[in-house]
Amino acid sequence: MTPKPVVFLDKKYKTQALFGEYVKNIIYKEIGICYDVKNTYPDKYNILIKILERHPNFNSKSENMCNVKIMNDTLNPQGYKIMIIKKDGDEIDISWRCAITGKPKPFKNKLMTAMRVSIKEQTDNFKTNCNNYYCELCDSVNELQVDHNDTEKSAFDELAYNFVKENHDIQIPSNFGDTNDNTHRTCFLEKDKIFKDKWTEYHSQYAKLRILCRKCNTSRPKTKTKLLL
């Protein structure tokens with residue numbers, strides 16, 4: 001596939017990846033953590049707004065906007081996220097990664113995130129009650145995470161695939177809400193409680209969990225059995 005160039009502020013970037021590097025440099029290096037971008041970095045603020053205007057939902061998210069702030073991502077402390085500040089003091093997140101692509105998150109991404117959110121209590125309980133609290137692959141005790149053990153046919157993607165395949169009579173949710181835990185992830189709506197409850201029950205029965213460090217978790221082989229939507 002031929003790379004698609006991006007034109008931004010009269011400058012042409014040969015690929016979306018190069019444009020992404022430009023955006024990330026502004027957020028991480030030229031601005032950084034900042035709770036008042038408009039007044040602290042006025043020139044960069046104007047550029048940042050132009051970037052965010054590429055987000056497919058910018059118009060609705062930016063209604064009554066008075067400022068933006070950049071802060072650590074709750075789920076990824078080393079990452080940054082952008083919050084739009086409203087005139088009444090309310091805040092709403094806006095994905096700078098979606099602004100790079102100009103496209104919303106894919107439906108599958110939203111569904112899989114909601115499925116992960118719905119079983120968080122199970123993974124939290126496993127992590128809390130785990131007797132051997134170290135990485136099962138390298139014995140590290142740093143940055144430990146709960147992993148779905150792919151060596152026992154329990155990779156998260158494979159569990160999701162099998163659940164949907166075995167429960168084809170249950171309608172897959174098409175719309176999602178947002179969590180209220182400051183992570184801004186998608187979650188199931190109340191109207192999809194049947195799907196959610198069936199899925200959490202299935203996960204509780206078939207998931208095989210283990211503790212891995214971040215490095216082993218991100219570098220392990222990925223399952224080829226994936227949910228296709």
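Just so we're clear, the structure is a prediction, and the values are computed from it rather than from any experiment.
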Report task. Report yes if some heavy atom in the side chain of F19 is under 4.5 Å from a heavy atom in the side chain of R54; otherwise report no. Result -> yes

Query - Basic-acidic side-chain contact under 4.0 Å: D192, K198 - result: no

Query raised in the report: Of all heavy-atom pairs between N72 and P77, which one has the smallest distance, and what is that distance?
Result: ND2-O, 2.8 Å

Requested in this report: May I ask whether L52 and L9 are part of the same hydrophobic cluster, defined by side-chain heavy atoms of I, L, V, M, F, W, Y residues being less than 4.5 angstrom apart, directly or through others?
Outcome: yes

Requested in this report: Test side chain to side chain contact (heavy atoms under 4.5 Å, CB included) on L144 and L212 and set out the steps.
Outcome: CA-CA 6 Å; L144 298 179; L212 294 185; over 6 Å; no

Report task. Please say whether more than 12 non-hydrogen atoms of neighbouring residues, nucleotides or ligands are located less than 6.0 Å from NZ in K81. Result -> yes

Requested in this report: Check whether L189 and I119 end up in the same hydrophobic cluster, where Ile, Leu, Val, Met, Phe, Trp and Tyr are linked by side-chain heavy atoms less than 4.5 Å apart.
Outcome: no

Query raised in the report: Does the pair Y133 and T128 meet the rule for a side chain to side chain contact (heavy atoms under 4.5 Å, CB included), with working shown?
Result: CA-CA 9 Å; Y133 202 56; T128 299; over 6 Å; no

Query raised in the report: Does a side-chain N-to-carboxylate-O contact under 4.0 Å join K44 and E30?
Result: yes

**Report entry** More than 12 heavy atoms of other groups within 6.0 Å of D169 CG
**Finding:** yes

Query raised in the report: Is the backbone N or O of N217 less than 3.5 Å from a side-chain atom of D147, with the two atoms forming a donor-acceptor pair by type?
Result: no

Requested in this report: Report whether V141 and L137 are members of the same hydrophobic cluster (ILVMFWY, side-chain heavy atoms less than 4.5 Å apart, transitive linking).
Outcome: no

Requested in this report: Would you kindly say whether T183 and R185 are connected by a side-chain donor-acceptor distance under 3.5 Å?
Outcome: yes

Query raised in the report: When rounded to the nearest 0.5 angstrom, what is the spacing between CD in E63 and CG in D90?
Result: 12.0 Å

Query raised in the report: Can you find a heavy atom in the side chain of N132 that is under 4.5 Å from one in the side chain of I211?
Result: no

**Report entry** Y161, OH atom: more than 12 neighbouring heavy atoms under 6.0 Å
**Finding:** no

Query raised in the report: Between D36 and T40, what is the shortest heavy-atom contact and its length?
Result: O-OG1, 2.8 Å

Query raised in the report: What pair of heavy atoms forms the shortest contact from K86 to S60, and how long is it?
Result: NZ-O, 4.1 Å

**Report entry** R214 bridged to E143 by N-O distance under 4.0 Å
**Finding:** yes

Query raised in the report: Going through the distances and angles, do E158 and N162 end up as a side chain to side chain contact (heavy atoms under 4.5 Å, CB included)?
Result: CA-CA 6 Å; E158 188 167 355; N162 290 336; 3.7 Å; yes

Query raised in the report: Do E91 and K69 meet the salt-bridge criterion of a basic N to acidic O distance under 4.0 Å?
Result: yes

Requested in this report: First locate atom OG of S62, then atom CD1 of I92, and finally report the distance between them rounded to the nearest 0.5 Å.
Outcome: 9.5 Å

Query raised in the report: Out of curiosity, does Y134 fall in the hydrophobic cluster containing L209 (side-chain heavy atoms, cut-off under 4.5 Å, transitive links)?
Result: no

Query raised in the report: Where is the tightest heavy-atom contact between P56 and C98, given as atom of each residue plus distance?
Result: CD-O, 4.2 Å

Query raised in the report: Does one hydrophobic cluster hold both W96 and I33, with members joined at side-chain heavy-atom distances below 4.5 Å?
Result: yes

Report task. Please examine the side chains of H168 and V164, heavy atoms only from C-beta on, and report whether any two atoms are closer than 4.5 Å. Result -> no

Requested in this report: For T15 and L18, indicate whether the former's side chain and the latter's backbone hold a donor-acceptor pair under 3.5 Å.
Outcome: yes

Query raised in the report: Rounded to the nearest 0.5 Å, what separation is found between the CD atom of E152 and the OH atom of Y206?
Result: 15.0 Å

Query - Close side-chain approach of I100 to Y22, heavy-atom, < 4.5 Å - result: no

Query - Qualifying residues under side chain to side chain contact (heavy atoms under 4.5 Å, CB included), relative to D93, sequence neighbours excluded - result: K61, M83, H184

**Report entry** Residue pairs, two or more places apart or on separate chains, that pass side-chain hydrogen bond (donor to acceptor under 3.5 Å, both in side chains) and touch residues 109-125
**Finding:** S118-W199, K120-D124, Q122-H203

Report task. Please round to the nearest 0.5 Å and tell me the distance separating atom CD1 of I31 and atom CG of L48. Result -> 5.0 Å

Report task. Run the numbers on F8 and Y13 for ring pair (Phe, Tyr, Trp, His ring centres under 6.0 Å), then give the verdict. Result -> CA-CA 8 Å; F8 180 74; Y13 298 84; 7.2 Å; no

Query raised in the report: How about K226 and K108: do any of their side-chain heavy atoms sit closer than 4.5 Å?
Result: yes

Report task. Would you confirm whether S154, through its side chain, and D150, through its main-chain N or O, come within 3.5 Å as a donor-acceptor pair? Result -> no

Query raised in the report: Hey, does M65 have a side-chain heavy atom less than 4.5 Å from the side chain of I85?
Result: no

Requested in this report: Report the C-alpha distance between F195 and F163 in whole Å, list the side-chain angles of each, state the deciding distance to 0.1 Å, and finish with yes or no for ring pair (Phe, Tyr, Trp, His ring centres under 6.0 Å).
Outcome: CA-CA 10 Å; F195 183 96; F163 171 75; 5.3 Å; yes

Query raised in the report: Which pairs pass ring pair (Phe, Tyr, Trp, His ring centres under 6.0 Å) with one or both residues in residues 34-89, sequence neighbours excluded?
Result: Y28-Y80

Query raised in the report: In this structure, are over 12 heavy atoms from other groups packed under 6.0 Å from K191 atom NZ?
Result: yes

Query - Gap between atom CZ of R210 and atom SG of C135 - 0.5 Å precision - result: 8.0 Å

Query - Point-to-point distance, once rounded to the nearest 0.5 Å, from CG of N167 to CD of E201 - result: 9.5 Å

Query - pair Q145-C213: side-chain heavy atoms closer than 4.5 Å - result: no

Report task. In sequence, state the C-alpha distance, the side-chain angles, and the governing distance for D157 and K222, and then conclude on salt bridge (Lys or Arg N to Asp or Glu O under 4.0 Å). Result -> CA-CA 9 Å; D157 280 297; K222 301 300 185 289; over 6 Å; no

Query - Greater than 12 external heavy atoms within 6.0 Å of N180's CG - result: no

Query - V117 side chain near T186 side chain, heavy-atom distance below 4.5 Å - result: no

Query - Within 6.0 angstrom of I172 CD1, more than 12 heavy atoms from elsewhere - result: yes

